[in-house]
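Single-structure report; data block below.
Throughout, protein chains are lettered first and strands after them, A, B, ... in sequence-line order, and every chain is numbered starting at 1. What's counted below: heavy atoms across the whole structure, side chains too, no hydrogens, waters or symmetry copies.
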2 protein chains.
Amino acid sequence: MSDSQSSSARALAPRRHDEILRRLAADGSVGITELANFFDVSRETIRRDMKHLAERGQLDLVHGGATLFEATEPALTERSQENAAGKAAIGRAAANLVEDGMVVFLDSGTTTLAVAHALTGRQNLTICTTSLVIALHMCRQPHVRVHMLGGEIDPSEEAAVGIDALDAIGRFRIDVAFLGGGALSPDGEVTDFTRNGAEQRSRMAATAARAYFVLDSSKFGRLTPLRIQRFELAAGIIVDAPPPAAMVEALERKGPKVIVGE
Amino acid sequence: MSDSQSSSARALAPRRHDEILRRLAADGSVGITELANFFDVSRETIRRDMKHLAERGQLDLVHGGATLFEATEPALTERSQENAAGKAAIGRAAANLVEDGMVVFLDSGTTTLAVAHALTGRQNLTICTTSLVIALHMCRQPHVRVHMLGGEIDPSEEAAVGIDALDAIGRFRIDVAFLGGGALSPDGEVTDFTRNGAEQRSRMAATAARAYFVLDSSKFGRLTPLRIQRFELAAGIIVDAPPPAAMVEALERKGPKVIVGE
DNA sequence: AGCGGATGTTGCAATATGTGGCAGACCGGC
DNA sequence: GCCGGTCTGCCACATATTGCAACATCCGCT
């Protein structure tokens with residue numbers, strides 16, 4: 001009945017802790033029964049292990065197991081709940097486009113946060129971001145380097161905007177960028193709420209080797225005031241459900257492909 | 001020396017030490033009972049072996065055996081609990097030095113985080129910081145502008161370090177800066193753990209109109225490797241308990257005043 | 001809303017491990 | 001041979017960890 005360890009030797013507590021954290025990083029969550037079976041110990045023991053780790057702030061206890069600790073708080077948390085399943089699907093699709101060793105830019109926003117979560121456990125990435133929450137989350141991952149683009153913080157986005165951030169973007173060589181957006185307009189353009197945001201995304205679309213807009217389906221057909229210049233340089237947009245056919249056609253005629261996650 | 005006694009020649013201590021370290025390197029952990037059986041010696045003997053190795057810093061003792069050094073350093077959330085009362089006192093004293101409308105720099109660290117908390121509710125501040133957590137907290141306050149200094153994120157500090165951050169410091173006109181530090185040395189100098197940290201703090205001490213080091217009492221008399229150059233340009237140090245008289249004298253002779261919060 | 005199964009909690013007992021003292025074995029030096 | 005030092009094992013006792021069982025909750029399903 002020995003698992004991977006030698007016969008008659010039990011796993012030491014720190015070994016279990018490591019394994020718990022390792023699985024957490026890999027999968028985002030772990031189950032108690034699953035671990036109890038793996039280590040051949042009782043569920044209480046695993047529960048006690050998790051309690052210790054939770055007290056040290058290394059994970060979040062939930063019914064049946066544990067999940068990664070969420071550093072996020074009110075404002076953003078609420079928004080990130082909306083269409084959480086869709087955003088997770090987008091995140092997975094986006095993560096598939098990322099290979100180990102890449103330099104990845106993550107824009108601010110709840111959808112890009114979902115991408116960050118989907119990248120949990122990946123090795124050797126370099127992450128550039130303007131989002132405080134994303135920087136915080138990713139810097140807690142092992143083997144991930146994080147560059148925070150500085151600048152004035154927009155409280156509603158909890159991310160750096162403004163001239164300093166624009167400036168800093170130019171200094172990086174980005175393999176792949178995931179950008180948010182305010183809306184996908186009926187005529188197949190990605191648009192934004194703010195001047196700064198539009199400018200920032202425009203630059204990223206032009207600078208990165210490949211850029212993708214991540215847009216959940218609630219943004220289809222909405223109207224926001226600012227066009228994102230040169231958005232058509234993006235390699236594609238990643239969505240959680242197919243947009244209306246007319247929109248897809250209008251968009252793909254300009255260049256970007258539509259990728260539907262699931 | 002090696003007179004072989006019985007047919008079952010026992011392993012000598014150095015031989016055991018080697019095997020312990022070898023297994024550690026291979027598996028990440030070893031159990032005491034397991035080794036006692038393997039060498040056919042008592043568990044006490046193995047324990048004594050491990051104790052020696054632990055004193056030499058070659059392994060970490062844990063219940064039931066030993067592991068490689070714990071990868072999990074105390075999380076920030078845990079560190080911020082240590083001496084929480086003292087840090088809160090420092091925070092209040094620091095907040096008293098801040099007037100509405102000022103431009104305030106907040107360094108990374110748990111003590112400066114306490115300062116940030118003490119500034120909650122203040123109006124019209126402009127906050128500059130390298131710390132992700134402080135930026136996140138302050139940008140949620142109304143009537144506070146936040147500038148995040150960008151750069152590579154040091155995961156253990158969850159704050160920006162490195163050339164970009166150093167660079168950005170120069171662009172701001174700071175009214176008052178609150179800086180962390182690794183220790184207050186016996187001869188009244190503020191010292192630091194890392195080269196980058198020391199450099200960053202040195203620059204801030206020289207740049208800000210007024211700079212204060214915030215140091216809780218656990219840091220008195222400790223020794224860390226790096227002097228913070230020009231730390232004596234700081235206006236003072238803020239502590240939660242009076243340091244030894246000799247330290248105070250040595251420090252104030254160089255310039256900075258000692259402020260004790262309560 | 002109710003029900004069954006899975007999960008969480010708590011107190012307790014069994015077992016494993018940690019610690020310190022002590023005695024004997026062994027080694028080297030005189 | 002005697003002596004001091006070190007290593008080792010054994011013992012007794014303190015502490016930590018673990019599993020179990022009884023009961024409280026929660027979850028998913030009808």
Whole-Å distance, B:I46 CD1 to C:dG18 P, equals 12 Å
Length of the CG-P vector between B:L61 and D:dA16, whole Å: 15 Å
Can you list the residues that meet the side chain to side chain contact (heavy atoms under 4.5 Å, CB included) rule with B:T194, with sequence neighbours excluded? B:N196
Considering just the side-chain nitrogens and oxygens of A:R47, establish if one lies under 4.0 Å of OP1 or OP2 belonging to D:dT17. no
Considering only D:dG9, D:dA21, C:dT17, which nucleotide approaches the side chain of B:H63 most closely? C:dT17
Separation of A:L35 atom CG from C:dT7 atom P, in whole Å? 12 Å
Hey, does the side chain of A:T45 come within less than 4.0 Å of D:dT17's phosphate (OP1/OP2), counting only N and O? no
Compute whether any side-chain donor of one residue and acceptor of the other, for B:T224 and B:T191, lie under 3.5 angstrom apart. yes
Would you kindly check whether a donor in the side chain of B:E44 faces an acceptor in the base of D:dC11, or vice versa, at under 3.5 angstrom? yes
Grab the CE-P distance between B:M50 and C:dT17 for me, whole Å please. 11 Å
How long is the line joining CD1 of A:I32 and C1' of C:dT9, in whole Å? 12 Å
Does B:T33 place a side-chain N or O at less than 4.0 Å from the phosphate oxygens OP1/OP2 of C:dT17? yes
Find out whether the Lys NZ or Arg CZ of B:R23 is both under 6.0 angstrom from the six-membered ring centre of B:F38 and within 45° of the ring's axis. yes
Quick one: the side chain of A:R48 and the base of D:dG19, do they pair up donor-acceptor inside 3.5 Å? yes
Do the side chain of B:D240 and the main chain of B:A89 share a donor and acceptor less than 3.5 angstrom apart? no
Whole angstrom is fine here: how far is it from CZ in B:R15 over to C1' in D:dT8? 18 Å
I need the CZ-P distance between A:R43 and D:dA21, as an integer number of Å. 12 Å
Take atom CZ of A:F39 and atom C1' of D:dT17, then tell me their distance rounded to the nearest Å. 16 Å
If you draw the axis of the six-membered ring of B:F39, does the NZ or CZ of B:R15 fall within 45° of it and under 6.0 Å from the ring centre? no
